[in-house]
Participant: 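The following block contains the structure, expressed as structure tokens.
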Amino acid sequence: MGAGVLSDREALLHAIADQVGTPVYVYDAGEIRGRFRRLTEALAGIPHRIHYSVKANSNLAVLGVLRRLGAGADIVSVGELERALRAGFGAADMIFSGVGKREDELDQALAAGVGLINVESFEELKLLDCVARRRNTTAAFGIRVNPDVRTATHPYTQTGEEGMKFGVPLDDVPPMTRWAAGRTSLRLDAVGFHIGSQILNAAHYADGAARLIQLIAHLRNQGAMLRSVDAGGGLGIRYRDERPLDLEAYADAMRGLARTVGLPVVIEPGRFLVGPAGLLLGRCLYVKRTAGRTFVILDAAMNDLLRPSLYGAEHDLALVPGGIARSDALGEDETVDVVGPVCETGDFLARDRVLPGVAAGSLVAVLAAGAYGFSMSSSYNSRPRVAEVLVDGGNWAVVRRRETVDDLLRGERTLDEIA
Ligand SMILES: Cc1ncc(COP(=O)(O)O)c(C=O)c1O
């Protein structure tokens, strides 16, 4: 949620913090719907389908909001397949992506009737062929290509450049499709790319599209009968002061692709739909001044939101107004690091920020934390994973209860138990 959302939601956030405790993720269903609508409007007139990338936020209720809007699902594991089914997505409305699918995962996807399996290597295609033959079925597959497009995003979220583990180099695609053409167990339905995440420049999509267009012309000369073209996800959002991806320019690239190849475009956005619709709410435990530095120590930490530690990501932070004013609160001229209780120097949520008014007991919101927040969280330091709340209009509900220490210990055995 953006800072604007906070200002009229402060009472709600205090109520959630008081009743559910902190840290807690809070998502706004209305904001998710609004973002889905904006994207759909930008793509108006372009035959397309939005497959929400489940990994960004895989909470069942969040999935439910997107399913009711008519989205399909982009999944990368059997766990996500089960989640999406549980949230009501039809298997036919799912695309199975991922660079390392296991044989049992391919088998379960075929058993469930997943609409499209995007393979990322010749080896995987051969395995899919074996699994489909064993099941006496035809697997509809796509090929994720590596279009060798350089994006200006964090190195860990670039995926479309030559030499990366993702996708099939363009020149290696025709031998795969020729091999598959003779097999009743395989049907080539799509080719596509996913060039990275948090992409702010639509020109990268146009570059990728231009390479796909050439490839598709080549494949058609070989006799390929494609049903769609997949332009992946990656649509960039504002975390602090970035200018978000220009949706009009993005839509132009998608329009050019769809028109030139005469196929519907499938896209797989995750972050764009849910990132700005969520925040992580933490409480300040201490303000610690030491050796000329000031640390705001929250009860939320890197295990709850990994992005700052992993990518150096910068999220906007805001004090939730309405707490008790304290005379020892931070002033306008005090620069602080916002950290958590985890035993790592890399455990920070923000560095060099000014957060006037914050004192022990204050509620602090880490904004735009709806994507790759909870879904990347862990229980490191044996910290139970936090609760998730979905707000819809004036109503809210806990959509995942806070884990307990018993949840953490479930499945483990003591030495005495195995002796
Ligand atoms: C194949 C694929 N599609 C879509 C996405 C979603 O990316 P984003 O959340 O940046 O839109 C990812 C993210 O890693 C991905 O790997």
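Computed from a predicted structure; not experimentally measured. Indexing begins at 1, ligand by ligand and atom by atom, following the structure's order.
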Participant: Against ligand 1, does Gly234 come closer than 4.0 Å with any heavy atom?
Facilitator: yes

Participant: Check for a donor-acceptor pair, side chain of Arg307 on one end and backbone N or O of Ala313 on the other, with a separation under 3.5 Å.
Facilitator: no

Participant: Which atoms of ligand 1 have any heavy atom of Glu268 under 4.0 Å away?
Facilitator: 1 (C), 2 (C), 3 (N), 4 (C), 5 (C), 6 (C), 11 (O)

Participant: Using a heavy-atom cut-off of under 4.0 Å, does the side chain or the backbone of Asp74 touch ligand 1, or both, or neither?
Facilitator: side chain

Participant: Using heavy atoms and a threshold below 4.0 Å, how should the contact between Tyr372 and ligand 1 be classified: side chain, backbone, both, or neither?
Facilitator: side chain

Participant: Output the list of atoms in ligand 1 that are nearer than 4.0 Å to some heavy atom of Gly233, sorted by atom number.
Facilitator: 4 (C), 11 (O)

Participant: For ligand 1, indicate whether the residue Ser53 contacts it via side chain, backbone, both or neither (heavy-atom separation under 4.0 Å).
Facilitator: side chain

Participant: Hey, is Arg271 touching ligand 1 through its side chain, its backbone, both or neither, going by heavy atoms under 4.0 Å?
Facilitator: both

Participant: Under a 4.0 angstrom heavy-atom cut-off, which atoms of ligand 1 come close to Gly270?
Facilitator: 8 (P), 9 (O), 11 (O)

Participant: Less than 3.5 Å apart, any donor N or O on the side chain of Asp230 or Asn118 sitting next to an acceptor on the other?
Facilitator: yes

Participant: Leu281 versus Val389: any side-chain heavy-atom pair under 4.5 Å?
Facilitator: no

Participant: For Arg86, does the CZ atom sit with more than 12 other heavy atoms under 6.0 Å from it, leaving out its own atoms?
Facilitator: no

Participant: Quick one: does Ala371 get within less than 4.0 Å of ligand 1, heavy atoms only?
Facilitator: no

Participant: Does a side chain donor of either Ser309 or Glu344 reach within less than 3.5 Å of an acceptor in the other side chain?
Facilitator: no

Participant: Give a yes or no on whether the backbone of Met94 and the side-chain of His51 come within a donor-acceptor separation of less than 3.5 Å.
Facilitator: no

Participant: Identify, by atom number and element, the atoms of ligand 1 in contact range of Pro269, meaning under 4.0 Å from any of its heavy atoms.
Facilitator: 11 (O)

Participant: Can you list the ligand 1 atoms lying under 4.0 Å from a non-hydrogen atom of Arg144?
Facilitator: 1 (C)

Participant: Quiz question: by atom type and distance under 3.5 Å, do the side chains of Thr335 and Asp352 form a donor-acceptor pair?
Facilitator: no

Participant: For the residue pair Tyr25 / Arg385, report whether a side-chain donor-acceptor contact shorter than 3.5 Å exists.
Facilitator: no

